[in-house]
Amino acid sequence: MTAAAPPRTPAAPVARGTGRGTLAGTGTLIRFGLRRDRVRIPVWLLALLLGTVSTANSLSTLYTSAADRASTAETMGSPAGLATSGPRHYLTDYNFGSMMGHQMLGFTAVLVGLMSVLIISRHTRAEEETGRAELLRSTVVGRHAQLAAALSVALVANVALALLLAAGLSGLGIEGIDAGGSLLYGFAHAAVGMVFAAVAAVTVQITPWARGASGMALAVIGAAYVLRAAGDVGNDWLSWISPIGWVQRTYVYLDDRWWPLLLALAFAAAAAAVAFPLSTRRDVGAGLRPQRLGSRTASGPLTHPLGFALRLHRGMLAGFGAGLLMLGAVYGSILGDADDLLDDIDQIQEALAAMGGASVTESFAAMTMIPVSVVASVYVVMAALRPRAEESAGRAEPLLATGLSRTRWAGSHIVVSLAGGTAMLLAAGLSFGLLGAATTGDGGLVLRLTGAALAYAPALWVTTGVATLLFGWYPSAVTVAWLVPVYGFVVGYLGQMLQFPDWLNNVSPFGHVPQLPAADMNWTPLAILTLVAAALIWAGLAGFRRRDLDLK
Amino acid sequence: MTTAISVSGLHKSFGRTRALDGLDLTVDTGEVHGFLGPNGAGKSTTIRVLLGLLRADGGTARLLGKDPWNDAVELHRRLAYVPGDVELWPNLTGGEAIDLLARLRGGLDKKRRDELIERFDLDPTKKGRAYSKGNRQKVAIVAALASDAELLLLDEPTAGLDPLMEVVFQDVIFQAKAAGKTVLLSSHILAQVEKLCDRVSIIRLGRTVQSGTLGEMRHLTRTTVEAETERPATGLEGLPGVHDLRTDGPRVRFAVDGNHLDGALRLLTESGVRSLTSHPPTLEELMLRHYGDELAANGHPAPGAETGTATATTGDTPSDGAGR
């Protein structure tokens with residue numbers, strides 16, 4: 001090992017700046033954080049900016065006539081449309097601006113939340129988990145400095161995004177997208193970003209693992225999204241519990257209300273005010289609860305490769321399983337509302353009937369399978385990449401020096417990913433079906449909706465296959481596997497709104513799944529997806545058997 | 001005597017870094033073999049090639065008569081490995097990790113496990129995260145020794161252990177040796193190697209620079225001799241193989257090459273020896289002989305055979321950087 005290069009500013013940099021209290025060193029840490037993220041944050045900001053600007057641009061070229069916009073407004077007014085976009089009020093004047101506020105804002109709010117959560121957990125809990133925080137804290141750094149610096153970095157990123165969006169959108173010169181509205185549109189993103197940053201500031205205090213902390217905060221984002229979906233379709237008050245609902249209720253480009261952002265700011269301040277005291281109630285590196293002692297010996301199943309893999313995965317399985325049960329339940333509970341709502345609106349009935357001959361309930365159900373399958377695929381990627389995480393952490397080495405073969409070791413994780421993904425679909429499909437049957441009074445929905453969810457299983461298996469192939473052949477590039485859920489999400493969501501060509505949809509494994517129950521069952525694509533998945537996994541394992549283990 | 005490990009001409013590169021550059025290593029069955037070298041010399045890489053975790057670029061390696069890459073799993077049932085830097089699963093207790101590793105290896109001797117846990121003073125109910133480095137190391141050592149492996153590959157196994165545990169470790173390795181097991185012990189602790197090992201291989205920059213018993217190695221290097229004679233021992237400076245001669249009245253002190261020791265002693269006895277001390281080079285000195293130039297490059301005088309012993313006098317002039 002050669003000695004690390006000396007730091008570039010060796011002269012006690014933490015001593016100056018913010019004084020000597022609990023915030024000492026915050027200024028230096030902010031600069032340090034921004035420097036560490038000098039690629040990451042700009043990539044996020046650029047992706048969000050380009051995504052938003054190009055969407056606005058495509059909308060203005062796609063829906064040129066007022067009649068086009070009016071007919072979209074009708075489609076978007078359906079429960080399926082409202083669940084995946086925003087509140088109905090935007091439809092009253094469906095110009096390009098309000099289309100953005102209605103269809104795009106909720107979607108990008110999730111991504112901004114994700115960015116903010118990752119910033120916070122990366123600069124706080126991940127630092128503690130690796131032990132780097134200990135080194136930093138031993139210098140002149142106050143006990144609140146790291147969290148304050150992380151929140152500041154998130155604030156810088158979010159405000160920069162707000163200004164970029166405001167400049168980018170108003171620069172387009174599209175009718176209905178004015179400068180004042182664009183400023184609000186930008187700051188709506190910043191507000192929701194800071195809400196979830198503050199949520200993450202709390203979750204990173206609770207668990208000692210960065211992954212767990214991010215997971216909890218992401219679950220809050222998911223819950224906020226589902227609440228606003230339920231609120232926008234059914235009971236409006238549900239949306240008022242959701243930070244995403246708040247920013248959508250600025251009715252940007254339509255009414256341009258700024259005050260809902262105050263709600264978001266107040267919430268963020270309150271969450272941060274909880275996080276700081278919590279952080280001093282625990283030790284550096286520890287969670288809020290002291291770690292308990294465990295068993296002296298291993299149980300029988302634990303010493304089998306599959307049992308061991310299950311043990312490592314069980315927290316994530318339980319978390320995602322609970323999340324998907326909830327997701328299904330929420331969609332199921334508004335299925336009845338959707339049914340009632342649409343009986344009254346003959347026009348939409350006709351429009352939908354003309355499109356595919358499916359009933360409103362069916363097309364709504366088919367639509368909700370997109371978020372369900374995307375969330376399940378996030379689980380699948382995390383599970384399939386677990387062997388890589390174990391390998392990089394140096395925990396594969398002692399195991400693979402025993403009588404456990406590489407194939408069985410990686411294979412057991414792959415099996416958990418395949419079966420776990422399927423179980424996720426089953427959980428969401430069942431709860432969707434059960435609550436859907438209860439609210440609509442149609443008992444047959446239980447089986448049909450469970451089946452509709454399970455039809456996505458082969459697409460999830462392909463996702464596992466892609467991750468395994470990368471793991472076997474290009475282990476340093478495994479993060480590329482995240483493109484599968486991200487692409488599925490973007491195409492599934494924006495594809496219809498922006499009328500993407502078919503081939504874009506067909507690149508994603510999710511694009512080949514029959515849209516049950518609105519469409520007819522088609523076994524051929526499912527069989528082909530399964531074969532593709534098997535081939536990818538086989539090839540990935542073959543690659544893993546051939547390569548060097550990545551060792552610490 | 002059969003050969004447990006035989007490696008010849010092993011090459012392994014990581015990108016442009018050449019980790020192994022024609023390494024040779026032979027370990028006989030039943031012996032404890034010391035594997036010495038500075039950081040980055042290629043010790044861990046060699047052991048990982050022997051485990052089939054890395055695939056060699058060239059050369060041959062045989063382990064218990066089999067190929068470490070192709071027969072990895074079969075071999076792993078017959079060997080146990082302790083890595084130098086043990087990482088444990090944060091949500092598994094130490095006891096669970098021990099059982100997991102030992103059972104996956106093919107069997108666990110419960111009695112032996114409990115005995116080892118007690119001897120190493122390990123709390124098996126703590127979760128992986130709660131262990132200090134030394135305790136993580138103990139978990140791996142207990143797991144390795146609790147299964148009945150015929151070959152132990154130990155990669156700096158006691159890094160982080162306290163001196164008391166070091167004694168326990170040495171004891172346990174003696175037991176393993178008595179039970180006929182073969183041990184490859186890579187180490188930085190020279191006292192440990194001197195005590196435990198039958199033979200040693202010293203490697204450097206991915207190549208074996210010396211291999212043999214400590215006795216053989218000592219023979220090849222200089223012995224330090226201090227004597228007091230009745231008459232001044234003249235003529236020593238003219239003898240071959242005598243270095244660093246210092247005379248102080250009746251006292252002489254010099255280092256002499258192993259194969260010229262006899263001549264030097266003869267000359268001393270002719271001068272009437274009153275007292276004589278001699279000591280063989282320590283392992284540390286053997287190591288320094290091979291790495292002396294590195295130290296010299298770092299601004300330290302390369303020590304000869306007279307440093308590092310209890311009788312060494314301070315203020316000696318730097319020697320010639322023996323062994324270059």
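Proteins get letters first, then strands, A, B, ... in listed order; numbering begins at 1 in each.
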How about [X] and [Y]: do any of their side-chain heavy atoms sit closer than 4.5 Å?
X	Y	result
A:L549	B:R48	no
B:E87	A:E390	no
B:L100	A:L399	yes
B:R113	A:T297	yes
B:V73	A:L404	no

Does [atom1] in [X] sit with more than 12 non-hydrogen atoms of other residues, nucleotides or ligands closer than 6.0 Å?
X	atom1	value
B:R119	CZ	yes
B:E166	CD	yes
A:R546	CZ	no
A:Y474	OH	no
A:R211	CZ	no
A:R282	CZ	yes
B:K133	NZ	yes
B:R18	CZ	no

Verdict with supporting geometry, A:D548 and B:K12, side chain to side chain contact (heavy atoms under 4.5 Å, CB included): CA-CA 11 Å; A:D548 283 348; B:K12 177 71 191 175; 2.4 Å; yes
Can you tell me which residue among A:L302, A:T303, A:T402 is in a side chain to side chain contact (heavy atoms under 4.5 Å, CB included) with B:R103? A:T303
Answer with side chain, backbone, both or neither: which region of [X] has an atom nearer than 4.5 Å to a non-hydrogen atom of chain B?
X	answer
A:R292	backbone
A:R547	backbone
A:A401	both
A:E129	both

Say you draw a straight line from [atom1] of [X] to [atom2] of [Y]; how long is it, rounded to the nearest 0.5 Å?
X	Y	atom1	atom2	value
A:L551	B:L51	CG	CG	9.5 Å
B:N91	A:W209	CG	CH2	7.0 Å
A:R296	B:D99	CZ	CG	10.5 Å
A:L312	B:L92	CG	CG	6.5 Å
B:Y81	A:L400	OH	CG	11.0 Å

Expected output: side-chain [X] to main-chain [Y] donor-acceptor under 3.5 Å:
X	Y	answer
B:R129	A:G285	no
A:R406	B:L53	yes
B:H76	A:G403	no

Output the option from B:P83, B:G94, B:A130, B:P90 having the highest count of non-hydrogen pairs under 4.5 Å with chain A. B:P90
Pairs of heavy atoms under 4.5 Å with chain B: top-ranked of A:G307, A:S295, A:G394: A:S295
Need one label for B:L88: side chain, backbone, both or neither, based on atoms under 4.5 Å from any heavy atom in chain A. backbone
